[in-house]
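Working notes, structure below.
What you see below is based on every heavy atom in this structure, not just the backbone, and it leaves out hydrogens, waters and symmetry mates.
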Protein chains: 2
Amino acid sequence: MNKSLKRMATMQRMQITGFELFYAKGYYNTSVDDILKKLELSKGAFYYHFDSKEDFFVQIIQNLMARKLYNSLIEPLEGHDNPLTLITKCFDDAMETAVHNEMDFGCILSNFLTEFNGKNDIIIQHLNEIVTVWEVNLVTTLQKGKLNGFLDRHVDCEAVATFLMSSYFGVRTLMVGASPSAKKYRFMTQLRHYLKSIEAKTVNT
Amino acid sequence: MNKSLKRMATMQRMQITGFELFYAKGYYNTSVDDILKKLELSKGAFYYHFDSKEDFFVQIIQNLMARKLYNSLIEPLEGHDNPLTLITKCFDDAMETAVHNEMDFGCILSNFLTEFNGKNDIIIQHLNEIVTVWEVNLVTTLQKGKLNGFLDRHVDCEAVATFLMSSYFGVRTLMVGASPSAKKYRFMTQLRHYLKSIEAKTVNT
DNA sequence: CAGATTACAGACTAGGCAGTCTGTTTAAGT
DNA sequence: ACTTAAACAGACTGCCTAGTCTGTAATCTG
C-alpha cells in the first residue's frame, strides 16, 4: 500500500472513532487513551499523526462534522422547489434518524457549542464557522424561495433562519430525554404552523 | 450564631459559588478544589457538608436551579392575562438579561442537559424533573388561555409548549455566539409571528 | 541488499482529580 | 471551667490525563 495512502487511512480511522467517542461522552470526558484503546493503537501513533488533542478535534470538525452537516442539513435544501417544503422534509428526516438511533445524543453542533463555550475559543471559532455555513445556506434558500414567490414578500429571511436554527438546536436537546418520537411529532406540527405563517398569501395574487 | 444556622449559611455559600463555576466552566471541567479555592475553604469543609461532588450538584439543582427557573420562566406567566402576551414578555426579559450579561453561557437547563446526557443518569433525572415542571406550567398556562378565549380552539397546547421550549433552548445556545442582541431581535420577531398563528381568530366571533 | 524514513509501541513524566483521614479550632451546653 | 461535638484545615492516596521520548518493526528507495 502507498505510504501516504496508509497515512490517510489511519488518520481517518482515528478521526472517525474519536468523533464517535467525543460525541457520545463529550470532549473533556473522553481521553486520548480511550480513543486509542478502542482503536488498539498507541500513544506514539496518535502524536505521530496529530500535534495535540485539540488539533485532532479541529480536524474532526473540518472533515467529519462539516460533511455531516452538509449531508443532513444543507444538501437536502438544494433545488428549486418550495423551500418551506424542503425545510420541513429536511428537519423531519434529520429528527427521524434521532428517533431510531439509540446512540443519538442530540445535535452535534449544538452539543459541542455548549461544551466549549467559555472554555476553548479556538474550537468555538471553528464550530461557529460551520454554524455560519448552515445559516448562510438557509438564508440563501429562503431568499431564493421568496424570489420564486413561495414566501411572503415581507418575511425577514435572516430572522427566519435564526428561528429555524434555534428551534432545531433546542428540539434535538429535548429529544434526548423521554419519548423523543412524541416530541418530534409535536414539534413538527408547530413547525408547519409557523412556516405556513410566512408562506406567500395566495389571496393577494 | 446558632449552629444549624451557620451550617446552612456555609452550605449555601458553597452552593452559590459552585453553581457559578459549574455554569461557567461545566461540571466536569470544574474541580472541587476550584470551588474551595474561591471560597477559601478546605477539603475538610466540603466533605463535612456534602457526601460527594455529585451529591453537591444535585442539591444545587434542587435549591438554586429550581428557584432560578421559577423566577425567570414560571412565575412571570402567572395571572389571567393573554398567555401569548405573557410568554412573549417572559422570553424577552429572560433573553435581555443574557444580552447584557457578559457571564451568560446559555440556558442553564439546556447546557447541563447536554453536558450530562449519556454520562450521568442520576443527574439527568433531576434535571428532567425541572424541565417537566416548566413544561407542565407552560401547558397549564396555555390551556387556561384557551379556555379564556385567547388561543384558537384547535391548538395543541402540549405541542406548543414543546415548540416554545425547543426554540428557547436553541436560541440561548445561539446567543452565546456573535451579536446576541441581533439574534434576540430576529428570534422575537419570528416568535411573535408564530404565536400570532395560534391566536384566537377574532373573525369567528 | 543497505540505508533511510515512516509508522508505530509503550514506558515515563508532571500535573490534576475526587475522596480519605487525622488533627485542630471554635463554640455550645452545663 | 470543663466537656463534647461541630466545623473546619490540610496532608495524603490512588487514579487518570495530556504529552514526551526512546526504541523498534515495517516499508520504500537507490
Side-chain angles (χ1 to χ4, degrees), chain A residues 1-61 112 115-116 118-123 126, chain B residues 1-22 24-61 112 115-116 118-123:
Chain A
M1 189 195 290
N2 187 320
K3 280 232 166 161
S4 85
L5 266 183
K6 170 154 188 173
R7 182 183 172 82
M8 297 283 281
T10 307
M11 286 176 79
Q12 195 158 53
R13 249 186 18 115
M14 287 177 168
Q15 289 179 34
I16 290 170
T17 303
F19 180 43
E20 286 169 5
L21 289 181
F22 285 143
Y23 177 50
K25 310 202 305 163
Y27 176 83
Y28 292 110
N29 220 26
T30 304
S31 69
V32 174
D33 287 310
D34 287 341
I35 300 163
L36 293 170
K37 192 177 177 184
K38 197 169 178 186
L39 286 162
E40 292 183 326
L41 283 173
S42 69
K43 272 259 160 77
F46 185 85
Y47 285 97
Y48 175 73
H49 289 290
F50 302 97
D51 291 342
S52 64
K53 188 186 177 187
E54 185 183 90
D55 167 58
F56 178 57
F57 190 76
V58 169
Q59 294 202 37
I60 288 178
I61 295 176
F112 285 124
E115 179 167 14
F116 289 110
K119 290 154 221 163
N120 188 319
D121 290 339
I122 294 168
I123 293 186
H126 287 278
Chain B
M1 191 195 286
N2 189 319
K3 281 231 169 164
S4 84
L5 267 182
K6 169 155 192 173
R7 181 181 173 85
M8 296 282 282
T10 306
M11 287 178 77
Q12 197 159 51
R13 263 192 60 211
M14 287 178 168
Q15 290 180 34
I16 290 171
T17 302
F19 180 43
E20 286 169 5
L21 288 181
F22 285 144
K25 312 204 304 164
Y27 176 83
Y28 292 110
N29 220 25
T30 304
S31 69
V32 173
D33 286 309
D34 288 340
I35 300 163
L36 293 171
K37 191 177 177 185
K38 196 168 178 186
L39 286 162
E40 292 184 323
L41 284 173
S42 68
K43 272 257 159 80
F46 185 85
Y47 285 97
Y48 174 74
H49 290 292
F50 302 98
D51 291 343
S52 65
K53 188 187 178 186
E54 186 183 271
D55 167 57
F56 178 57
F57 191 75
V58 169
Q59 293 202 37
I60 287 178
I61 296 175
F112 286 124
E115 179 167 13
F116 290 109
K119 289 154 220 162
N120 188 318
D121 290 340
I122 295 170
I123 292 185

On DNA chain D, more 5' by nearest nucleotide between B:L41 and A:F46 is B:L41

Which residues within residues 49-59 of chain B lie with some heavy atom under 4.0 Å of an atom in DNA chain C?
-> B:S52, B:K53

If you measure from NE2 on A:H49 to CZ on A:F56, what distance do you get to the nearest 0.5 Å?
-> 11.0 Å

So do the side chains of B:K25 and B:D34 get within less than 4.5 Å of each other, counting heavy atoms only?
-> yes

Options D:dG19, D:dA9, C:dA18, nucleotide nearest the side-chain atoms of B:K43 = C:dA18

Rounded to the Å, how far apart are A:M11 CE and C:dA7 C1'?
-> 12 Å

Near-strand residues of residues 25-37 of chain B, defined as heavy-atom separation under 4.0 angstrom from DNA chain D | none

D:dC8 phosphate, OP1 or OP2, under 4.0 Å from B:T10 side-chain N/O | yes

Check the distance between C:dT6's P and A:Y48's OH and give it to me in whole angstrom.
-> 5 Å

Paired with A:N120, the side-chain hydrogen bond (donor to acceptor under 3.5 Å, both in side chains) test is passed by just one of A:E115, A:H126, A:E54, namely A:E54

CE on B:M14 to CE on B:M11, rounded to 0.5 Å | 8.5 Å

Qualifying residue, where the test is ring pair (Phe, Tyr, Trp, His ring centres under 6.0 Å) with B:Y27 and the options are B:F19, B:F116, B:F112 | B:F116

Establish, with yes or no, whether the OP1 or OP2 oxygen of D:dA6 is under 4.0 angstrom from a side-chain nitrogen or oxygen of B:R7.
-> no

Counting side-chain heavy atoms from CB outward, which of C:dA9, C:dA18, D:dA6 is closest to B:Y47?
-> C:dA18

